[in-house]
Chemist: 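Let me begin by handing over the structure; questions about it come next.
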Amino acid sequence: MRLHFTKNLDARRETMIREHLLGRDIHDPMVIRAMREVPREAFVPEEMFELAYEDYPLPIGEEQTISQPYMVAYMTQALELSSTDRALEIGTGSGYAAAVLSRIAAAVYTVERLHSLAETARLRLELLGYDNILVHEGDGTLGWPDHAPYDAIVVTASAPQVPKPLLEQLAVRGRLVIPVGPTTFLQTLVRVRRLGEDEFRTEELCGVRFVPLIGAEGW
Ligand code: SAM
């Protein structure tokens with residue numbers, strides 16, 4: 001029975017990849033491979049197994065969500081990761097996006113402000129064998145200076161503006177992807193490239209809707 005169930009989920013993962021990723025604008029083979037390797041069902045509440053490969057966010061407790069698979073793939077692709085990159089994620093949540101990033105980057109540092117989510121994600125990632133991810137509990141609007149600079153930074157909650165500490169912790173030639181805008185309506189996903197010590201270029205990517213980034217340099 002259990003085997004049948006798992007097989008069913010494998011088929012749904014393939015459908016998700018075909019319809020929601022390849023069928024849209026996700027074309028980076030490394031992103032597709034990562035999305036194929038990470039079992040999203042292991043990151044959603046048990047009673048939601050059946051919904052693990054639907055293309056929408058799901059509740060993970062504490063009024064927070066695991067992001068829609070397409071958005072995880074889109075943001076990962078926008079980071080233009082390579083296998084030697086060190087990546088910082090702000091907003092660990094379930095740990096799913098960190099797991100996806102870890103299949104491409106050399107190391108992933110992820111920060112979550114809520115104790116219960118940080119603890120659950122840390123344990124889950126350890127049990128699943130992701131050994132290149134470090135989870136930190138704290139205010140991610142301040143980044144994680146101990147491991148800076150980062151080649152890529154992704155923020156999975158929406159900010160009033162790009163937090164300065166994240167710009168400071170971005171390596172030259174690094175990419176930062178973050179939703180910016182009001183808390184309740186549509187926000188804009190932006191990508192900031194650090195071109196030089198004091199030179200940054202910002203591009204608007206698309207409209208998105210995320211939970212608020214709460215902290216000293218957030219809401
Ligand atoms: N990346 C997550 C995943 O794969 O499950 C989804 C993240 S959820 C949309 C946003 C997360 O950002 C929530 O878990 C929330 O607690 C967290 N968050 C909000 N403000 C934060 C802050 N200042 N520092 C760290 N995490 C924060």
Side-chain angles (χ1 to χ4, degrees), residues 16 31 34-35 37-45 48 51-79 81 87-105 108-125 128 130 133-148 150 152-166 169 176-184 186-187 189 208-219:
M16 175 215 38
V31 175
M35 294 293 291
E37 277 179 18
V38 179
R40 192 168 185 260
E41 65 272 22
F43 294 83
V44 305
M48 290 184 187
L51 303 175
Y53 293 102
E54 298 301 321
D55 197 37
Y56 42 74
L58 291 169
I60 54 170
E62 305 265 12
E63 296 180 6
Q64 303 303 324
T65 52
I66 173 173
S67 303
Q68 164 197 16
Y70 169 74
M71 192 43 62
V72 173
Y74 184 90
M75 291 171 93
T76 305
Q77 180 168 271
L79 287 172
L81 289 174
L88 172 68
E89 180 198 28
I90 307 303
T92 313
S94 67
Y96 176 68
V100 171
L101 295 170
S102 81
R103 299 302 81 204
I104 307 174
V108 177
Y109 302 88
T110 180
V111 183
E112 171 58 54
R113 65 179 276 273
L114 296 173
H115 175 72
S116 69
L117 293 182
E119 274 308 297
T120 307
R122 184 182 289 123
L123 188 66
R124 175 183 286 137
L125 291 164
L128 290 169
Y130 293 99
I133 304 176
L134 281 182
V135 181
H136 172 63
E137 183 186 329
D139 178 2
T141 67
L142 304 174
W144 191 353
D146 299 7
H147 301 282
Y150 303 98
I153 301 179
V154 63
V155 183
T156 63
S158 71
Q161 69 278 313
V162 182
K164 272 215 180 70
L166 299 185
Q169 291 170 35
L176 161 62
V177 172
I178 178 171
V180 176
T183 43
T184 42
L186 206 63
Q187 302 113 22
L189 190 68
V208 289
R209 193 165 184 184
F210 275 88
V211 295
L213 182 74
I214 296 165
E217 300 277 333
W219 291 105

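When a residue number appears, it is its place in the shown sequence, counting from 1. Please read these numbers as outputs of a predicted model, since none were measured by experiment. Order of listing sets the numbers, starting from 1, for every ligand and every atom in it.
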Chemist: What are the atoms of ligand 1, with element, lying closer than 4.0 Å to any heavy atom of Ala97?
Modeler: 1 (N), 4 (O)

Chemist: If you measure from each non-hydrogen atom of Gln64 to ligand 1, which part falls under 4.0 Å: side chain, backbone, both or neither?
Modeler: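 For Gln64, the contact with ligand 1 is made by the side chain alone.
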
Chemist: Go through Glu89 and Thr110 one step at a time and tell me if the side chain to side chain donor-acceptor pair (under 3.5 Å) criterion holds.
Modeler: CA-CA 5 Å; Glu89 180 198 28; Thr110 180; 2.7 Å; yes

Chemist: Mind checking whether Val211 contacts ligand 1 via backbone (N, CA, C, O), side chain (CB onward), both or neither, at a 4.0 Å heavy-atom cut-off?
Modeler: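 The side chain, only.
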
Chemist: Where does the angle between the aromatic ring planes of Tyr109 and Trp144 fall among parallel (under 30°), tilted (30 to 60°) and perpendicular (over 60°)?
Modeler: perpendicular

Chemist: Roughly how far, to the nearest 0.5 Å, is CD of Gln68 from CZ of Arg209?
Modeler: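 If I round to the nearest 0.5 Å, the distance is 13.0 Å.
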
Chemist: Check each atom of ligand 1 against the heavy atoms of Tyr96 and keep those under 4.0 Å away; list them by number with element.
Modeler: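 Those atoms are 4 (O).
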
Chemist: Do any nitrogen or oxygen atoms of Leu213 come within less than 3.5 Å of a nitrogen or oxygen of ligand 1?
Modeler: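 Min N/O separation from ligand 1 is not below 3.5 Å for Leu213.
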
Chemist: Show which atoms of ligand 1 fall inside a sub-4.0 Å distance from at least one heavy-atom site of Ile66.
Modeler: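 Ligand 1 atoms under the 4.0 Å threshold to Ile66: 5 (O).
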
Chemist: Quick check on Leu142 - does any of its heavy atoms sit under 4.0 Å from an atom of ligand 1?
Modeler: no

Chemist: With heavy atoms only and a cut-off of under 4.0 Å, state how Ala98 meets ligand 1: side chain, backbone, both or neither.
Modeler: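 Answer for Ala98: neither.
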
Chemist: Should you measure from each heavy atom of Leu117, which atoms of ligand 1 turn up under 4.0 Å away?
Modeler: 14 (O)

Chemist: Specify whether Tyr70 and Tyr74 have parallel, tilted or perpendicular ring planes, treating 30° as the upper limit for parallel and 60° as the lower limit for perpendicular.
Modeler: tilted

Chemist: Show which atoms of ligand 1 fall inside a sub-4.0 Å distance from at least one heavy-atom site of Val111.
Modeler: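 Near Val111, the atoms of ligand 1 are 25 (C), 26 (N).
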
Chemist: If the condition is side-chain contact (heavy atoms from CB on, under 4.5 Å), which residues does Pro212 pass it with, not counting sequence neighbours?
Modeler: Thr183, Ile214, Trp219

Chemist: Would you mind running through ligand 1 and noting each atom that sits below 4.0 Å from a heavy atom of Thr141?
Modeler: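 What qualifies from ligand 1 is 23 (N).
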
Chemist: For ligand 1, is there an N or O atom under 3.5 Å from any N or O atom of Gly91?
Modeler: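 N/O-N/O distance below 3.5 Å exists for this pair.
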
Chemist: Would you say Ala121 touches ligand 1, if touching means a heavy atom closer than 4.0 Å?
Modeler: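 Outside the 4.0 Å threshold, so no.
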
Chemist: Please indicate whether any nitrogen or oxygen in Gly140 is less than 3.5 Å from any nitrogen or oxygen in ligand 1.
Modeler: yes

Chemist: Please answer whether the main-chain N or O of Ala216 pairs with a side-chain N or O of Asp139 as donor and acceptor at a distance below 3.5 Å.
Modeler: yes

Chemist: Taking the side chain as every heavy atom from C-beta outward, state whether Ile60 and Phe43 have any atom pair closer than 4.5 Å.
Modeler: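 In short, these two side chains do not touch, never coming nearer than 4.5 Å.
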
Chemist: At a non-hydrogen distance cut-off of under 4.0 Å, which region of Leu114 contacts ligand 1 (side chain, backbone, both, or neither)?
Modeler: side chain

Chemist: Within the distance-only criterion (no hydrogens, no angle test), does the side chain of Gln169 pair as donor or acceptor with the backbone N or O of Asp146 below 3.5 angstrom?
Modeler: no

Chemist: Give the atoms of ligand 1, by number and element, whose distance to some non-hydrogen atom of Asp139 is under 4.0 Å.
Modeler: 23 (N), 24 (N)

Chemist: Could you point out which residue of Val162, Leu142, Leu166 forms a side-chain contact (heavy atoms from CB on, under 4.5 Å) with Glu217?
Modeler: Leu142

Chemist: Counting only nitrogen or oxygen atoms and a 3.5 angstrom limit, does Ser67 reach ligand 1?
Modeler: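 No; the residue has no nitrogen or oxygen that sits under 3.5 Å from a nitrogen or oxygen of the ligand.
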
Chemist: Contact between Glu62 and ligand 1, counting heavy atoms under 4.0 Å?
Modeler: no

Chemist: For the backbone of Ser94 and the side chain of Arg124, can you confirm whether one donor and one acceptor N or O come within less than 3.5 Å of each other?
Modeler: yes

Chemist: Report the nearest protein non-hydrogen atom to atom 17 (C) of ligand 1: residue, atom name, distance rounded to 0.1 Å.
Modeler: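 Scanning the protein heavy atoms, the shortest distance from atom 17 (C) of ligand 1 goes to Glu112 OE1, 3.4 Å.
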
Chemist: Non-hydrogen atoms of Pro57 versus ligand 1: any pair closer than 4.0 Å?
Modeler: no

Chemist: Against the six-membered ring of Tyr53, is Arg40 placed for a cation-pi contact (under 6.0 Å from the centre, within 45° of the normal)?
Modeler: no

Chemist: Determine whether Val100 and Met35 make a side-chain contact, defined as any pair of heavy atoms from C-beta on separated by less than 4.5 Å.
Modeler: yes

